[in-house]
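Notes follow the structure.
One-based numbering, in listed order, for ligands and for the atoms of each.
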Amino acid sequence: MAKIVFETKKGPVLTVLLPGGGSLADVCDEKNAPIPFSCRSASCGTCCIQVLEGEGQLLPPADEELDVLDALDRKAPTFRLSCQAIVKDGEGLLRIRSVDEV
Ligand code: FES
């Protein structure tokens, strides 16, 4: 079971246990996580997050996600798009925060 910790500049604000892995965007929606979204289709960059720990807990980014990150001058795996990121099934810790909070 993955453990996802959402942080702000003030520290951790939300911890979610995710059995079986899945869409990070769905987790954000279900738990009202502090990550902003707009297009949800890898084009605007609004949902960009910094991965503070546990980059390996996410599946590798697809080309369209990498293109947006390049346009934002952000590099995977330190930075990802929440609307595209998929959390792997399995044990591990993922700590993230919105780039608005970086
Ligand atoms: S919400 Fe626009 S790139 Fe993710």
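- Residues forming a side chain to side chain donor-acceptor pair (under 3.5 Å) with D29 (at least two apart in sequence, or on another chain): R40.
- A donor-acceptor pair is defined here as one N or O able to donate and one able to accept, closer than 3.5 Å; such a pair exists between the side chain of K88 and the backbone of G56.
- With rounding to the nearest 0.5 angstrom, the CD atom of Q57 is 10.0 Å from the CG atom of L18.
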Please output the side-chain donor-acceptor pairs of residues 75-82 that fall under 3.5 Å, not counting sequence neighbours, one pair per line with the distance.
from, atom 1, to, atom 2, distance (Å)
K75, NZ, D70, OD1, 3.2
R80, NE, E65, OE2, 2.8
R80, NH1, L59, O, 3.0
R80, NH2, L59, O, 3.1
R80, NH2, E65, OE1, 3.2
S82, OG, C47, O, 3.0

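- E7 meets the side chain to side chain donor-acceptor pair (under 3.5 Å) test with R95; sequence neighbours excluded.
- Of all protein atoms, those that are N, O or S and lie under 2.8 Å from atom 4 (Fe) of ligand 1 total 2.
- Under a 3.5 Å cut-off, the side chain of S41 and the backbone N or O of S43 do not form any donor-acceptor pair.
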